[in-house]
Amino acid sequence: MSTDSSINDSAIGSSTTKKILILPGDGIGPEIVTEAVKVLETVNDKFALGLVFEEGLLGGCAIDATGVPFPDKTLAQAKAADAILLGAVGGPKWDQIDRSIRPERGLLAIRSELELFGNLRPATLYPQLAAASSLKPEVVSGLDILIVRELTGGIYFGSPRGIDETDSGERRGYNTYVYTESEIRRVGHLAFESARKRGGKVCSVDKANVLEVTMLWREVMTELGKDYPDVELSHMYVDNAAMQLVRAPKQFDVIVTGNMFGDILSDQASMLTGSIGMLPSASLAINGKGLYEPCHGSAPDIAGQGLANPLATILSAAMMLRYSLDMSEPADTIEAGVGAVLDQGLRTADIVSDGMRQVGTREMGSAVLSTLR
Ligand code: NAD
């Protein structure tokens, strides 16, 4: 991969320069990131985007090189970058080491250091892959949902929390479900702004019939909705949302919800699409900086074999252009390119079906590249 900082020297110093930090990570990470970087380099040239690439270490590869999963140098690179593209981290090689310096700690640390409060997870089903879904093709064909999940608050972070004993000696576990108005507002803005770039609809999911914290959530979302008259806002209880996602998922455009409900609903929605190798994600900070990565892990079982599907990472790169860099046209072009290679019948092993041609990681990446040229 040619991602050192010397590549785009001509762009350095330009007022439109955007610094992209590339973190290949572990397992299949370097293989899939290589393909995504080629795609980014191609659209960079084609659309004169002024992207400048720099590579860094995160996860197991960082442990091997420096002894820690998130070295200070990577933190400095991440802070200086406009956006970050990550492969995946972790693998059996590092499973036995001290918990506090495992590869996954690096991922949590970069998310918290950059205050990535908003997690965007699209569940998009390419019509060519409708048969891969567990739902009937007519229910999911053309599915295009974006789940916006609050990532740094809610019941996963609220205090007090713990397990203790009651006066009668019985064990008791408890967590605190808490959101401040400003936490709700900032993820709400992200959802409304995202809807403007898509289908213009936001469904806010809560449990306002039972939980006071989500009564506030609903009030704040309703207030915020007045600032976005062009976006259609609706509200739904989380139990109904879970049901609607499998009954009629195409009714949704953007779903915005808190950390715990989002955790559950985004996994449910991703399974509607059939393959984990196709799903990108973004985690965004208030300043628009984002960390973009496929939803899957480092797949050690297929690492180094040229079998991994690079499309989730390529689609993550497209999200990066759209959400952090406001470059919709090249993002659309990449996404259309992915659709075109599926139309050509090319499939990696994870999505192959009868009558399709199985290809490896590099061939799939090259096929997307040829649609861009
Ligand atoms: P995984 O997502 O890596 O793999 C699950 C299954 O999906 C495997 O059979 C794998 O071969 C397949 N798969 C995943 N991505 C694929 C792709 N692009 N193309 C084709 N097949 C693909 O999950 P896991 O096996 O539970 O975890 C493996 C390692 O990844 C662990 O160390 C875990 O901690 C780590 N992990 C990292 C992240 C991350 O970096 N964000 C997320 C999840 C897991």
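Each residue takes its place number in the sequence, starting with 1. First listed ligand is number 1; within each ligand, the first listed atom is number 1.
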Chemist: Is there a protein heavy atom less than 4.0 Å away from atom 6 (C) of ligand 1?
Modeler: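 No, there is no protein heavy atom closer to it than 4.0 Å.
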Chemist: Which residue and atom name correspond to the protein heavy atom nearest atom 29 (C) of ligand 1, and how close is it?
Modeler: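 Checked against all protein heavy atoms, atom 29 (C) of ligand 1 sits closest to S298 OG, 3.2 Å.
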Chemist: If you count every heavy atom of other residues, nucleotides or ligands that lies below 6.0 Å from Q344 atom CD, does the total exceed 12?
Modeler: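 Atom CD in Q344 is packed in, count exceeds 12.
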Chemist: Is a donor on one side and an acceptor on the other found under 3.5 Å between the side chain of T214 and the backbone of W217?
Modeler: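 Answer holds: no.
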Chemist: Heavy atoms only: give me the nearest T371-A340 pair and the separation to one decimal.
Modeler: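 Closest approach of T371 to A340, heavy atoms only: CG2-CB, 3.9 Å.
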Chemist: For A308, take its heavy atoms, then give the atoms of ligand 1 lying under 4.0 Å from any of them.
Modeler: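 Counting from 1, the qualifying ligand atoms are 19 (N).
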Chemist: Looking only at heavy atoms, is any part of P103 under 4.0 Å from ligand 1, and if so is it the side chain, the backbone, or both, or is it neither?
Modeler: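 Neither; no heavy atom under 4.0 Å.
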Chemist: Who's closest to atom 11 (O) of ligand 1 heavy-atom-wise, of D301, D350, L107?
Modeler: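 Nearest option to atom 11 (O) of ligand 1, by heavy atoms: D301.
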Chemist: Does the side chain of L325 reach to within under 4.5 Å of the side chain of I20, using non-hydrogen atoms?
Modeler: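 Heavy-atom side-chain distance check passes, below 4.5 Å.
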Chemist: Given that the side chain starts at C-beta and the backbone is N, CA, C, O, which of these parts of I302 lies under 4.0 Å from ligand 1, counting heavy atoms, or is it both or neither?
Modeler: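 Contact part for I302 vs ligand 1: side chain (C-beta onward).
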Chemist: Just by distance, with hydrogens left out, do T348 and N309 show a side-chain donor and acceptor under 3.5 Å apart?
Modeler: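 On atom types as modelled, these side chains qualify, holding a pair under 3.5 Å.
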Chemist: Please confirm whether C295 comes within less than 3.5 Å of ligand 1 when only nitrogen or oxygen atoms on both sides are compared.
Modeler: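 N/O-N/O distance under 3.5 Å: no.
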Chemist: To which protein heavy atom is atom 33 (C) of ligand 1 closest, and what is the distance rounded to 0.1 Å?
Modeler: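 For this ligand atom, the closest protein heavy atom is E104 OE2, 3.7 Å.
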Chemist: Under 4.0 Å from a heavy atom of G91: give me the atoms of ligand 1 that qualify, with their elements.
Modeler: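 Here the atoms of ligand 1 in question are 32 (O).
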Chemist: Who's closest to atom 1 (P) of ligand 1 heavy-atom-wise, of G87, G106, G297?
Modeler: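 Checking each option, the heavy atom nearest atom 1 (P) of ligand 1 is found in G297.
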Chemist: Can you tell me the protein heavy atom closest to atom 35 (C) of ligand 1 and the distance?
Modeler: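 Protein heavy atom with the smallest distance to atom 35 (C) of ligand 1: V89 O, 3.2 Å.
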Chemist: Within 4.0 Å of atom 15 (N) of ligand 1 (strictly less), any protein heavy atom?
Modeler: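 It does; a protein heavy atom is within 4.0 Å.
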Chemist: Tell me whether D72 at atom CG has more than 12 heavy atoms from other residues, nucleotides or ligands lying less than 6.0 Å away.
Modeler: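 Atom CG in D72 is not packed in, count stays at 12 or less.
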Chemist: Taking only non-hydrogen atoms of A312, do any sit less than 4.0 angstrom from ligand 1?
Modeler: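 A312: no contact with ligand 1 (<4.0 Å).
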Chemist: Backbone N or O of S270 within a donor-acceptor pair of the T273 side chain at under 3.5 Å?
Modeler: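 Checked: pair present.
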Chemist: Measure the distance from atom 28 (C) of ligand 1 to every protein heavy atom, then report the residue, atom name and distance (to 0.1 Å) of the closest one.
Modeler: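 Protein heavy atom at minimum distance: P300 CD, 3.4 Å.
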Chemist: Between the side chain of Y323 and the main-chain N/O of Y292, is any donor-acceptor distance below 3.5 Å?
Modeler: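 Answer holds: no.
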Chemist: Do other residues, nucleotides or ligands put more than 12 heavy atoms under 6.0 Å from M271 CE?
Modeler: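 Open.
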Chemist: Atom 18 (N) of ligand 1: protein heavy atom closer than 4.0 Å?
Modeler: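 Yes, there is one.
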Chemist: What protein heavy atom sits nearest atom 13 (N) of ligand 1, and how far away is it?
Modeler: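 Result for atom 13 (N) of ligand 1: A299 CB, 4.0 Å.
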Chemist: Which atoms of ligand 1 have any heavy atom of A88 under 4.0 Å away?
Modeler: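 Those atoms are 40 (O).
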Chemist: Is at least one protein non-hydrogen atom found at under 4.0 angstrom from atom 9 (O) of ligand 1?
Modeler: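 Under 4.0 Å from atom 9 (O) of ligand 1, at least one protein heavy atom found.
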Chemist: So, regarding E293 and ligand 1 (criterion: nitrogen or oxygen to nitrogen or oxygen, under 3.5 Å), is there a contact or not?
Modeler: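 Min N/O separation from ligand 1 is below 3.5 Å for E293.
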Chemist: Report yes or no: do E212 and Y177 form a side-chain donor-acceptor pair below 3.5 Å?
Modeler: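 Absent: no donor and acceptor within the cut-off.
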Chemist: Check contact between I32 and ligand 1, using heavy atoms of the residue and a distance below 4.0 angstrom.
Modeler: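 For ligand 1, residue contact (heavy atoms, under 4.0 Å) with I32 is absent.
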Chemist: Please check if a non-hydrogen protein atom sits closer than 4.0 Å to atom 26 (O) of ligand 1.
Modeler: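 No, there is no protein heavy atom closer to it than 4.0 Å.
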Chemist: Could D26 and K93 be called an ion pair, given the rule that one side-chain N must be under 4.0 Å from one carboxylate O?
Modeler: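 A salt bridge is absent here (no side-chain N lies under 4.0 Å from a carboxylate O).
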Chemist: Are K19 and D82 within salt-bridge range, i.e. N to O under 4.0 Å?
Modeler: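 Here K19 does not pair with D82 in a salt bridge, since their nearest N and O are not under 4.0 Å apart.
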Chemist: Any idea which atoms of ligand 1 are less than 4.0 Å away from a heavy-atom of G90?
Modeler: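 Numbered from 1, ligand 1 contributes 32 (O).
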Chemist: What about G277: any of its N or O atoms under 3.5 Å from an N or O on ligand 1?
Modeler: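 No.
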Chemist: Please report the closest heavy-atom contact between D253 and G200, naming both atoms and the distance.
Modeler: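 Closest heavy-atom pair between D253 and G200: OD2-N, 3.0 Å.
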Chemist: Is E41 salt-bridged to K38, cutoff N-O under 4.0 Å?
Modeler: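 No.
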